[in-house]
Structure formats: C-alpha cells, structure tokens
Visitor: 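One structure follows; several queries about it will come next.
The shown structure was predicted, so the numbers you read here are calculated from the model rather than taken from an experiment. All values below were derived from every heavy atom in this structure, side-chain atoms included, with hydrogens, water molecules and symmetry-related copies excluded.
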Amino acid sequence: MGLNAAKKIIKNHLVKGEMVPGREIAIKIDRTLTQDSTGTMAYLQFEALGIDRVKTKKSVAFIDHNMLQSGPENADDHLYIQTMAKKHGIYFSRPGNGICHQVNLERFGVPGDTLLGSDSHTPTAGGIGMLAIGAGGLDVAVAMGGGEYYLNMPKIVKVNLEGKLREWVTAKDIILEMLKRLTVKGGIGKIFEYVGEGAKTLSVPERATITNMGAELGATTSIFPSDDVVYKFLKAQGREKDFSCVEPDEDAGYDEEMKIDLSSLEPMAACPHSPDKVAAVSELESIKVNQVCIGSCTNSSYVDMMKVANILKGRTVDENVSLTISPGSRQVLNMLSKNGALGYMIGAGARVLESACGPCIGMGQSPATDAVSLRTFNRNFEGRSGTKSAKVYLVSPEVAAVSALTGHITDPRCFGKPYEIDMPKEFLIDDNMVVKPSENGDNVKIMRGPNIKPFPKAKPLTDVISGKVLTKVGNNITTDHIMPSNAKLLPYRSNIPYLSNYCLTPCDKDFPSKARKNSGGFILAGENYGQGSSREHAALAPLYLGVKAVFAKSFARIHRQNLINNGIIPLAFKKPEDYEDIDVMDELEMVDMFEQIDSDVIVVKNKTKNKEYNMSFNVTQRQRNMIKYGGLLNLMKEQHLKLNI
Ligand code: MIC
Ligand code: SF4
C-alpha cells in the first residue's frame with residue numbers, strides 16, 4: 001500500500017519509533033515559529049538550554065498578539081524577543097508585519113518541511129503542504145536547539161472532498177461542517193488529510209482556513225497535499241524555489257476515511273460558546289448583531305479581504321453595528337491600500353485595525369454587555385472576547401460583511417451574485433519588516449524589562465503525593481479558563497507570579513487563594529481538559545501555585561504535554577463515574593510513587609471518603625522520566641545537556 005502525504009513527511013523526518021498509530025515517535029523539526037504571547041516564555045526556556053544559535057533551517061519570532069501598549073510591559077517583551085532573536089540566529093517579524101500564521105504562509109512556509117510553533121494554530125501551514133504542529137514553548141525551545149519533537153503517531157484520516165462549493169458557501173463552512181460532525185474532541189490523536197476533486201478546487205487561503213481550525217477539532221494537525229495550487233501560490237509570492245510536490249500515492253492507505261460533498265453545504269455559524277455548536281445561518285437570521293469583527297489567522301487573507309471590501313463598497317454599516325477589520329498581514333493591508341479596496345472599507349464605516357490578532361485574543365474591542373458579536377475567528381469560548389456576557393458567533397467573512405450591513409445575522413445568499421476575486425498572479429512582496437539575525441551574536445545585549453520574571457521550575461517526584469482537591473470543573477475546560485488572556489493579562493505573560501492570581505478564576509474565583517492556603521493540591525476535571533491554546537502558562541501558573549496532579553476524564557493533546565513538561569501528573573479516570581464521587585476539599589493521597597510511576601495505572605486514595613480510584617497513566621517512558629526528574633528541563637539536565645538552570 002502506498003503512503004499518504006502526511007506519512008511521507010513523517011517518514012522523511014522520523015528519528016525514532018515506528019509509524020504505528022498510538023506509538024511514540026520522534027521527528028526532526030526543520031522550522032520553528034513563535035509569537036510574542038508564548039514567545040517570551042519560550043525564549044526564557046531556550047536561554048535555560050544554554051545553546052548559542054538555533055539549529056533549525058529557519059526559526060522566526062513574530063510579534064502579533066500583545067500589541068496594545070498601555071504600559072511598558074508588552075513593549076519590553078517585544079524588545080526582549082527582538083534581542084534574543086538577533087543574538088541566537090532567529091528571524092524577527094516586527095510588530096505590524098502581520099499575524100504569524102498568515103505571514104508564515106506568505107513568506108516562510110515550505111511544503112514537505114516540518115514546522116513546530118508555540119501556537120495552537122500552527123497547522124495553518126498545512127494549507128501549503130507542511131507538517132505543522134502546535135506545541136508548548138518548552139517543546140519549541142528544544143526544537144530550536146536541534147532536539148527532536150516527540151509525539152504519539154496519530155491516525156491519518158482521509159477527508160475526501162467531493163463536488164464544488166455553491167455560491168456564498170466558503171471554506172469556513174467546510175471546517176464548521178467538520179466541527180459539527182466530530183466536535184471539539186473529535187480530532188484528538190488524528191491528522192486530517194484533505195484530498196479529492198473538491199480539495200483541488202480550493203485555493204491556498206481557503207485550505208489554510210480549514211487546516212487552521214483543525215486545531216478546534218483537537219487534531220494533531222491537518223494537511224492538504226502540495227500540488228499545482230500551492231505552486232501557483234508560492235510563485236505569486238516569488239517563492240517557487242520553495243515548492244516541492246507532496247501528494248499521496250495513488251494507492252495510499254489511511255487509518256480512517258470520511259467524505260464531505262461540498263455542493264451540499266450551506267453558510268453556517270458556530271454558536272456561543274463553542275466552535276462545535278454549529279447551526280445553519282438561515283436558522284439564525286432573527287438575531288440582531290451589535291459587533292462584527294473580520295480578521296484573525298483563520299480568515300484574513302487578501303482574497304477574504306477583497307470579498308469583504310466589495311460587499312461593503314458604496315454601502316454603510318448598520319447604525320447599531322461596530323465593524324472592525326484586521327487584515328492578516330502587512331502584505332494584505334498594503335495591497336488593499338494600493339488597489340483602493342481599503343477605501344471601500346473605510347467608506348462603509350469599518351474600523352480598520354492593525355494587522356494583528358487584536359479582538360481574537362481580547363486585545364481590545366470587547367463587546368458591550370450581553371452583545372452579539374459575529375466574528376470570522378476560530379474560537380468563541382465564553383469570556384475570550386473580554387466580555388463574559390457577550391455571545392460570539394463564528395462565521396465566514398461573507399456572512400460577517402453582509403450581516404454588518406443588515407444589522408442581523410444574514411444568509412448572504414439573499415445578497416445577489418457573489419463577487420469573484422481571483423488569486424493575484426503576483427503578491428506585493430516586501431520583507432523589509434523582517435529583521436535578520438546577526439552573523440555572530442556575541443555582541444548583542446539582551447534587553448530584559450523588569451516585568452520579565454524567572455519561570456517556575458518543577459521539582460523531582462516524591463514517593464508520597466498528598467493534598468486537597470482545590471477545584472472541580474466540568475467538560476471541555478479551555479486554556480482560556482485555566483489561564484485567561486485579555487488586554488489586562490497578556491502583558492504579564494512573562495510574569496507567572498502575577499498571572500497565577502487569575503489561574504482558573506473564570507471557573508472558580510477562589511482557586512488561587514485556595515491553592516495558596518493549602519500549599520497546592522489537585523485539580524479535578526471532566527473531558528478534554530485544556531483544549532484550545534498551546535499556552536504553557538496554563539501549566540506554569542498551576543505549577544507556581546503548587547498543583548501536583550490533574551485528575552480528568554480526558555485531556556487535550558498540547559495541554560497534557562505541557563503539564564508533563566512541567567512535572568505535573570495528568571491522570572485520567574479509569575472509571576469516569578469516579579469523578580462524581582470526589583468533592584472539593586477531599587484529601588487525596590498517592591503512595592509508593594517511585595514504583596507506581598512506572599505503571600499504567602496509579603492508585604489514588606481518597607482519605608476523606610475512604611475510597612480508592614484507579615487512574616490511567618498511559619504515557620511513554622520518556623514522559624514518565626519527565627515526571628520522575630521534574631519536567632523536561634530537569635530530564636535534559638539529567639541527560640547531561642549543558643544547561644543554565
Ligand atoms: C489563541 O488563539 O488562543 C492564542 C492566543 O493564539 C494561543 C497562544 C497563546 O495563548 O498565547 C494559541 O492558540 O496557542
Ligand atoms: Fe492570533 Fe487569534 Fe490566531 Fe490565536 S487564533 S494566533 S489569537 S489570530
């Protein structure tokens with residue numbers, strides 16, 4: 001049987017293990033990406049590794065998240081990252097150059113290569129046939145230092161796209177259909193490979209919208225084969241030299257298969273407060289809209305923006321709607337300014353924001369109390385917009401733009417003929433906002449602002465672990481719940497002591513004080529704990545507060561690894577009903593841990609209820625070692641790597 005595209009790339013990069021689903025493999029990482037909100041921590045960890053220069057083909061540091069500068073903190077972090085990049089051989093994409101995933105597609109991504117990024121939407125690059133994976137900052141730091149990346153070999157799922165999208169139906173609707181069918185945990189342990197006649201009809205930005213939101217399925221990554229469409233895109237970016245063809249063999253085998261008939265889809269929306277609460281736009285038309293935000297790494301390409309501009313041209317945004325538009329990159333923004341499309345947006349009353357994440361990560365533009373906000377983004381978790389009572393719907397740029405004009409959620413099919421926008425034959429290319437690293441970093445001084453605090457270090461395993469259950473939370477708790485991000489908190493991404501005051505507070509406002517009072521303890525959670533962002537802060541803040549283990553029905557991939565990397569034990573209930581039995585402030589204990597840590601089942605005693613539970617600890621030997629030695633850095637130290645810790 002032949003190989004699919006994902007397996008071809010994995011095979012080319014395989015350093016350890018066999019490509020058997022579920023087994024641990026290690027792959028070589030060609031390229032890395034960081035952004036600023038996870039980057040400061042990743043670079044602090046890189047410094048701890050004591051490696052002079054990055055060992056990848058290319059590593060890029062982007063500034064796109066923490067762009068509001070209402071005090072010195074964010075600007076200080078930018079400076080730290082910029083000087084770190086200069087010194088250690090990393091390219092630096094300056095603030096204003098655009099959202100990391102969009103700029104990566106345009107200027108850096110290379111089909112057939114591997115990319116590890118400290119952001120969960122790194123798989124966007126699967127749109128040009130990269131094997132692109134999101135990870136915690138520490139894993140990315142290790143990859144920058146030349147270390148391989150460990151993961152369990154995912155199942156490869158063939159998604160056969162048949163037919164062609166109808167008018168006004170978009171790539172966003174394809175991925176919303178996937179979310180509707182599979183839910184936010186349907187992709188765990190999987191790579192989705194999109195093939196078929198329908199896939200060939202999709203442009204690179206359309207493909208990237210789909211691979212981007214594969215993160216919302218919980219997938220390891222998503223990929224489209226690199227074909228003629230990718231070649232044309234790279235050629236238009238002046239990068240045809242970076243092209244290589246990565247297509248599945250004719251007789252390629254897959255672990256699972258599914259199909260979507262593109263011609264059967266209609267415009268859809270993800271309703272509050274989860275990307276998998278999908279409904280047809282036509283059923284939501286009575287809902288009045290207060291805010292519309294167009295942009296984010298999901299839908300901010302040149303073509304998306306041109307469609308929006310044409311819908312808005314010569315019209316006025318409804319008087320009760322605030323419309324914001326953030327073009328995904330400076331390339332996009334500059335092209336819109338040169339061809340006049342920016343004028344259509346401004347003329348209609350749009351509030352044009354800089355090329356950055358902006359409202360997607362709550363960096364400004366929080367909606368009014370109880371407001372309905374329509375966004376072309378990828379996440380609509382409760383409170384992420386900065387307004388807890390706001391109701392956020394995720395839609396395509398077309399639905400967003402039309403609804404901004406009508407003032408209520410509107411099926412764009414009533415709008416007449418859609419605007420056909422061709423992919424440019426040549427994009428406007430100017431890399432003057434990418435700073436090259438110095439040839440020799442010796443003389444580069446690292447600028448470290450006062451807000452940059454050392455990160456907490458895990459401690460080696462002890463034979464007895466005991467403590468109280470500090471909080472009990474439900475299913476699908478996101479990293480936005482565990483470590484909220486908004487305009488007020490993002491400036492403290494390099495200050496864990498400060499951030500820890502807000503840890504888990506959206507679920508339990510007393511969590512930090514309970515943790516402090518009890519000198520740490522445990523977290524009890526339902527299914528898919530830690531879904532969403534790759535932010536390591538969702539492990540570092542609990543570590544700082546003394547959390548020793550998390551007991552959950554199941555975990556999301558990146559967060560589980562972040563816990564292990566930081567020496568916190570993630571344990572899954574063997575019998576999910578045991579979750580019901582445990583209450584907050586129950587006293588739990590694990591004994592003989594030096595022995596138990598090597599077993600797949602760990603026994604947890606509930607001293608308050610006088611009961612015992614079997615918890616599954618189904619991890620690799622390497623992960624066990626991380627827990628034994630107190631996290632990845634300590635494990636590496638143990639393995640005699642030169643470290644500055
Ligand atoms: C997000 O979309 O939640 C973020 C902000 O991009 C995160 C990274 C972070 O928390 O800094 C992500 O997706 O990994
Ligand atoms: Fe930025 Fe939003 Fe994309 Fe995260 S999801 S990288 S915050 S635009």
Side-chain angles (χ1 to χ4, degrees), residues 1-33 55-60 101 104-105 108-117 120-135 139-140 143 146-159 187 189-196 199-200 204 207-208 210-212 214-215 217 219-231 233-234 239 241-257 557-558:
M1 205 185 283
L3 290 179
N4 51 56
K7 265 197 178 167
K8 281 188 182 176
I9 305 180
I10 296 174
K11 191 168 171 235
N12 281 340
H13 292 82
L14 197 64
V15 182
K16 282 182 200 150
E18 278 174 65
M19 293 194 292
V20 177
R23 295 246 188 103
E24 187 181 58
I25 56 168
I27 55 171
K28 183 178 164 12
I29 295 299
D30 298 317
R31 292 159 193 275
T32 64
L33 152 176
K55 303 223 167 15
T56 47
K57 286 188 194 168
K58 194 173 250 182
S59 287
V60 188
H101 308 303
N104 181 57
L105 274 182
F108 296 106
V110 174
D113 272 7
T114 51
L115 170 72
L116 197 70
S120 63
H121 291 103
T122 303
T124 312
I128 52 166
M130 285 193 100
L131 192 88
I133 301 177
D139 281 326
V140 177
E148 56 271 12
Y149 178 63
Y150 288 80
L151 72 162
N152 287 344
M153 177 68 196
K155 286 187 177 164
I156 319 279
V157 183
K158 175 181 187 176
V159 189
K190 295 179 179 171
I191 294 179
F192 292 98
E193 182 166 318
Y194 292 85
V195 294
K200 295 207 178 88
V204 163
R207 294 173 180 193
I210 295 170
T211 54
N212 172 281
L217 292 164
T220 304
T221 189
S222 306
I223 189 167
F224 279 77
S226 164
D227 56 8
D228 202 40
V229 174
V230 174
Y231 175 78
F233 176 81
L234 289 177
R239 298 208 291 126
K241 280 209 300 299
D242 287 337
F243 176 78
S244 66
C245 175
V246 189
E247 292 199 87
D249 292 331
E250 292 230 334
D251 59 341
Y254 290 85
D255 300 301
E256 285 174 22
E257 294 195 15
R557 178 185 67 90
I558 305 180

Visitor: Would a 4.5 Å heavy-atom cut-off, applied to side chains only, mark Asn104 and Thr124 as touching?
Guide: no
Visitor: Quick one: pull up NZ in Lys8 and OG in Ser226 and give me the separation to the nearest 0.5 Å.
Guide: 11.0 Å
Visitor: Decide yes or no on side-chain contact (heavy atoms from CB on, under 4.5 Å) for Val246 and Ile9, but give the supporting numbers first.
Guide: CA-CA 8 Å; Val246 189; Ile9 305 180; 3.9 Å; yes
Visitor: For the residue pair Thr211 and Ile223, what are the closest heavy atoms and their distance?
Guide: CG2-N, 4.0 Å
Visitor: Just verifying a value: how many Å separate Phe224 CZ and Tyr194 OH, rounded to the nearest 0.5 Å?
Guide: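 Spacing of CZ (Phe224) from OH (Tyr194) equals 6.5 Å.
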Visitor: Taking all non-hydrogen atoms of both residues, which atom of Thr122 and which atom of Gly117 are closest, and how far apart?
Guide: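 Result for this residue pair: OG1-CA, 3.3 Å.
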Visitor: For Glu256 and Tyr254, which I'm curious about, is there any donor-acceptor pair between the side chains at under 3.5 Å?
Guide: no
Visitor: Hey, what do you get for CD1 (Ile128) to CZ (Phe233), rounding to the nearest 0.5 Å?
Guide: 7.0 Å
Visitor: Could you go through Ile191 and Ile10, starting from their C-alpha distance and side-chain angles, then the distance that decides it, and tell me whether this counts as side-chain contact (heavy atoms from CB on, under 4.5 Å)?
Guide: CA-CA 11 Å; Ile191 294 179; Ile10 296 174; 4.1 Å; yes
Visitor: Looking at every heavy atom in both Thr220 and Leu151, which two are closest together, and how far apart are they?
Guide: CG2-CD1, 3.8 Å
Visitor: Any side-chain to backbone donor/acceptor pair from Asp227 onto Val229? Under 3.5 Å, distance only.
Guide: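 Looks like yes, one N/O pair under 3.5 Å.
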Visitor: Begin from the C-alpha positions of Lys7 and Met153 and carry the test side-chain contact (heavy atoms from CB on, under 4.5 Å) through to its verdict.
Guide: CA-CA 10 Å; Lys7 265 197 178 167; Met153 177 68 196; 4.1 Å; yes
Visitor: In terms of ring plane angle, is the pair His101 and His121 parallel, tilted or perpendicular, where the classes change at 30° and 60°?
Guide: perpendicular
Visitor: If you take all heavy atoms of Met130 and Val110, which pair is closest and at what distance?
Guide: CG-O, 3.0 Å
Visitor: Is there a donor-acceptor pair closer than 3.5 Å between any side-chain N or O of Arg207 and the backbone N or O of Ala199?
Guide: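 The answer is yes, because a donor-acceptor pair under 3.5 Å joins these two groups.
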Visitor: Can a salt bridge be assigned to the pair Lys57 and Asp113 using a cut-off of 4.0 Å between side-chain N and carboxylate O?
Guide: yes
Visitor: What is the minimum heavy-atom distance between Asp255 and Pro21, and which atoms define it?
Guide: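 Scanning both residues, the minimum pair turns out to be OD1-CG, 3.7 Å.
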Visitor: Is the backbone N or O of Ala252 less than 3.5 Å from a side-chain atom of Asn4, with the two atoms forming a donor-acceptor pair by type?
Guide: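 No, the answer is negative, given that no donor and acceptor are paired below the 3.5 Å cut-off.
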Visitor: Nearest 0.5 Å, what's the CD1-OG1 distance between Ile133 and Thr221?
Guide: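 Spacing of CD1 (Ile133) from OG1 (Thr221) equals 6.0 Å.
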Visitor: Does the side chain of Pro123 come within less than 4.5 Å of Asn212's, by heavy atoms?
Guide: no
Visitor: Report yes if some heavy atom in the side chain of Pro225 is under 4.5 Å from a heavy atom in the side chain of Val195; otherwise report no.
Guide: yes
Visitor: Would you check if the side chain of Asp251 reaches a backbone N or O of Gly2 as a donor-acceptor pair within less than 3.5 Å?
Guide: yes
Visitor: Say you draw a straight line from OG1 of Thr56 to CD1 of Ile29; how long is it, rounded to the nearest 0.5 Å?
Guide: 10.0 Å
Visitor: Would you kindly say whether Lys28 and Tyr149 are connected by a side-chain donor-acceptor distance under 3.5 Å?
Guide: no
Visitor: Can you name the closest pair of heavy atoms from Pro111 and Val230 and give their distance?
Guide: CG-CG1, 4.0 Å
Visitor: Does Lys58 form a side-chain contact (heavy atoms from CB on, under 4.5 Å) with Arg31? I'd like the steps, not just the answer.
Guide: CA-CA 5 Å; Lys58 194 173 250 182; Arg31 292 159 193 275; 3.7 Å; yes
Visitor: With a 3.5 Å distance limit and no angle check, can you tell me whether Glu193 reaches the backbone of Ala5 through a side-chain donor-acceptor pair?
Guide: yes
Visitor: Would you kindly say whether Ser59 and Thr32 are connected by a side-chain donor-acceptor distance under 3.5 Å?
Guide: yes
Visitor: Salt-bridge test for Glu18 and Arg23: reply yes if a basic N is under 4.0 Å from a carboxylate O, no otherwise.
Guide: yes
Visitor: Nearest 0.5 angstrom please: Asp139 CG to Tyr150 OH, how far?
Guide: 11.0 Å
Visitor: Atom NZ of residue position Lys55 - does it have more than 12 heavy atoms of other residues, nucleotides or ligands inside 6.0 Å?
Guide: yes
Visitor: Any side-chain heavy atom of His13 within less than 4.5 Å of one from Leu131?
Guide: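 Of all side-chain heavy-atom pairs linking Leu131 with His13, none is under 4.5 Å.
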